[in-house]
Amino acid sequence: LESLQNSFPQSEIFCVYGISECAPRVCCLDPDMLLSKMGSVGKPLPATTISVRETNGQQVETGEFGEVFVESRCLMKGYYNDDDATQRVMTEYGFRTGDVGYLDEDGYLFLSGRLDSVFKSGGEKVSCRLIEETIRSHPDFSDWFSDIAVLAGEDHYLGQVPFVYYVSKPGAEGIRQLRQDLKTKLPASHLPSRYLPVADLPRSPSGKLKLAELKAVTNRIG
């Protein structure tokens, strides 16, 4: 975003958050707040409210990760011919988006990924997206790696810990340096436990990771 704004200083950049079930926009970040709230998708649009909750519906504290719930006059009534799916997502607190994020002290929403990308490790919440974005922002990332993905892996003591799957570029040996650099950029709870080299990360044409295929690779790695 900073690069985009520097390249087109006369342009107004709007960051928005939308879901198809809500016709389809939920939040928008005013261009005047782009720098001061970098990374946020803004505040809810008119006739829309959001809350961040635990999976049991309990609202979390400001700044704490949880699932994003949406209430809106623009919200759908339900999924066509699928009552079971409708009942799973339409709750007394609004629509369960499956997205994870937090609200800051000013009411701005920051997203951290999907529900399955945030997990608890030793009682602390860990965001796979935060880890991946931190790695991708490393100045040497493009020299060292062709692709990476961060997922929760099983751990005997902590339950789950972050694993990094990576595709190295020919001749590149950046893992040792990356390990050291992440210690100064991530909380201790977010430091990857394992770095697993793979020949390729299976992705769909739209770029989404094919989890089932990656898990099969994981099982072979052991």
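Predicted, not measured: the structure shown is a model, and the values here were computed from it. Keep in mind that the numbers below use all heavy atoms, side chains included, and drop hydrogens, waters and symmetry copies.
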Spell out, yes or no, whether Val150 and Val198 are grouped together once hydrophobic residues are joined by side-chain heavy atoms under 4.5 Å, including indirect joins. no

Thr48 OG1 to Arg73 CZ distance, which is reported to the nearest 0.5 Å: 9.5 Å

Please tell me whether Val161 and Tyr195 are part of a single hydrophobic cluster in this structure, the criterion being side-chain heavy atoms less than 4.5 Å apart. no

Does the side chain of Ser127 come under 3.5 Å of the side chain of Arg129 through a donor N or O and an acceptor N or O? no

About how many Å separate CE of Met38 and CE of Met33, when rounded to the nearest 0.5 Å? 11.5 Å

Heavy-atom check, side chain of Leu151 versus side chain of Glu132, under 4.5 Å: no

Run the salt-bridge test on Lys37 and Asp32 with the 4.0 Å N-O cut-off and return the result as yes or no. no

Are any of the side-chain heavy atoms of Ser193 and Leu158 separated by less than 4.5 Å? no

pair Asp155-Ser121: side-chain heavy atoms closer than 4.5 Å: no

Do Phe14 and Cys28 pass the side chain to side chain contact (heavy atoms under 4.5 Å, CB included) test, and can you show the C-alpha distance, the side-chain angles, and the key distance before you say yes or no? CA-CA 7 Å; Phe14 291 83; Cys28 182; 3.8 Å; yes

Taking Leu186 as the starting point, is it possible to reach Phe141 by hopping between hydrophobic residues whose side chains are less than 4.5 Å apart? yes

What I'd like to find out is whether the side chain of Asp99 reaches to under 4.5 Å of the side chain of Arg114, using heavy atoms alone. yes

Pairwise side-chain contact, Thr49 with Pro44, heavy-atom cut-off 4.5 Å (strictly under): no

Any side-chain heavy-atom pair of Pro197 and Tyr166 under 4.5 Å: yes

Expected output: side-chain Lys185 to main-chain Thr134 donor-acceptor under 3.5 Å: no

Which hydrophobic side chains are connected to Val41, either touching it within the sub-4.5 Å cutoff or through other members that do? Tyr17, Ile19, Val26, Ile50, Val52, Val60, Val68, Val70, Leu75, Met76, Tyr79, Val89, Met90, Phe95, Leu103, Leu109, Leu111

How far apart are the closest heavy atoms of Ala172 and Trp144, and which atoms are they? CB-O, 3.5 Å

Is there any side-chain hydrogen bond (donor to acceptor under 3.5 Å, both in side chains) pair reaching into residues 168-180, and which pairs are they, with sequence neighbours excluded? Gln177-Asp181

Check the hydrophobic clustering (I, L, V, M, F, W, Y; side-chain heavy atoms under 4.5 Å; chains of links allowed) and say if Leu191 and Tyr157 are grouped together. no

Is it true that Val164 and Leu201 fall in one hydrophobic cluster, defined by side-chain heavy atoms closer than 4.5 Å? no

Tightest non-hydrogen contact, residues Gly94 and Phe69, listed as O-CD2, 4.0 Å

Which heavy atom in Ser51 sits nearest to a heavy atom in Arg53, and how many Å separate them? OG-NE, 3.0 Å

If you take all heavy atoms of Phe119 and Pro162, which pair is closest and at what distance? CZ-N, 3.6 Å

Any side-chain heavy atom of Gln160 sitting closer than 4.5 Å to one from Glu154? yes

At their closest point, which heavy atom of Gln58 faces which heavy atom of Asn56, and how far apart are they? N-OD1, 2.9 Å

Is the backbone of Phe110 close enough, under 3.5 Å, to the side chain of Ser40 for a donor and an acceptor to pair up by distance? no

Using modelled atom types only, decide if a donor and an acceptor are shared between the side chain of Ser112 and the backbone of Val100 within a distance under 3.5 Å. yes

Might you work through the side chain to side chain contact (heavy atoms under 4.5 Å, CB included) test for Ile131 and Val126, ending with a clear yes or no? CA-CA 9 Å; Ile131 300 171; Val126 176; 3.9 Å; yes

Should Lys43 and Asp104 be marked as a salt bridge (charged side-chain N to carboxylate O under 4.0 Å, His left out) after you check the CA-CA gap, both sets of side-chain angles, and the distance that decides it? CA-CA 10 Å; Lys43 289 186 173 183; Asp104 71 3; over 6 Å; no

Residue pair Lys125 / Val118: nearest heavy atoms and the distance that separates them: CB-CG1, 4.5 Å

Validation row: Tyr108, Cys27 side chains within 4.5 angstrom (heavy atoms): no

Of the options Glu67, Glu71, Glu54, which is the one that meets Arg96 in a salt bridge (Lys or Arg N to Asp or Glu O under 4.0 Å)? Glu67

